[in-house]
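Below is one structure, written out as structure tokens, with a few remarks after it.
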Amino acid sequence: MLTQEQRDQYRRDGYIVLPDFKAPDEIARLRARAEAIVDAFDPAESRAVFTTRDQENVSDAWFLGSDNTVRCFFEEEAFDSHGQLKQAKALSINKIGHAMHDLDPVFEAFTRDAKLAAVARDLGLERPQVWQSMYIFKQPGIGGEVRWHQDATFFDSTPISVTTFWFALEDATVDNGCLWVEPGGHRGPLRERFLRDGQRITMEKLDTTPWPDEGVAAPVECKAGSLVCFHGLLPHYSAPNRSAVSRHAFTLHATDARSAYSPRNWIQRDASFAARGFD
Ligand code: FE2
């Protein structure tokens, strides 16, 4: 599936972009399904927002209970000072997470894709296990920033094997909050670990290496249908979306079953709901 050049590029930069990976009809089906999930979501169930600031404190029961279910999270800026939504519900949701790839047939069909299985294999995931899916809306005007981080913080294993599959469902640009990465930064250390102990989350500091500064960060602008694959140690972030257009994306996080998945990661599965690969 991947050329030698693409594999070399992944090894060197920590990421690759594969344009036209998903067809417009596959994207349309996923978007329609996400819209239906949001439509069915009753905001009275939870007003939980998703933010990457102060993650220890905002990791509430709604978030922790989304590990192996399908739940919606609001944009941090969705509400006014009276706690009322400032815009329609459909334009207020930050993301849906985190187990649609196993629980929803449309998301499952998007995830279980022979082409994707081949890419994962080429990137070194011999026995992939997909732990998490997220549908990210990055809403117009209020789409929240995602601060610098490494995905291995959330999916630690020995050795580190987590790989991210990031699908652009709309064109991602600097204006609407595309991904930014530190090319080659996957050769640096893991800075922190997101640990779960029952209903409690702590962020453990492992290394004081600073996050890259602006001059080093590279924007990953790409067209709808592109797949961005990146290494679990690659530092990345995305800016707030202040533009008038959304930037929908879908992400999957997979480790290799040959590595030892940390029992302290926030998502755990038992034999009755085992993590599966892309087949
Ligand atoms: Fe990430």
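Order of listing sets the numbers, starting from 1, for every ligand and every atom in it.
When side chains are defined from C-beta on, V38 does not count as touching Y135, because their heavy atoms never get closer than 4.5 Å. Residues I96 and C72 form a side-chain contact, since some pair of their non-hydrogen atoms from C-beta on lies under 4.5 Å apart.
Atom CZ of F154 is separated from atom CD of Q132 by 8.5 Å, given to the nearest 0.5 angstrom.
Looking at D256 and R127, no side-chain N of the basic residue comes within less than 4.0 Å of a carboxylate O on the acidic one, giving no salt bridge. Ionic pairing of E108 and R276 is present here: one or more N-O contacts between side-chain nitrogen and carboxylate oxygen are shorter than 4.0 angstrom.
Inspection of the environment of the Fe ion (ligand 1) yields the following protein N, O or S atoms under 2.8 Å: H149 NE2, D151 OD1, H236 NE2.
The two residues F107 and T111 make their nearest non-hydrogen contact at O-OG1, 2.8 Å.
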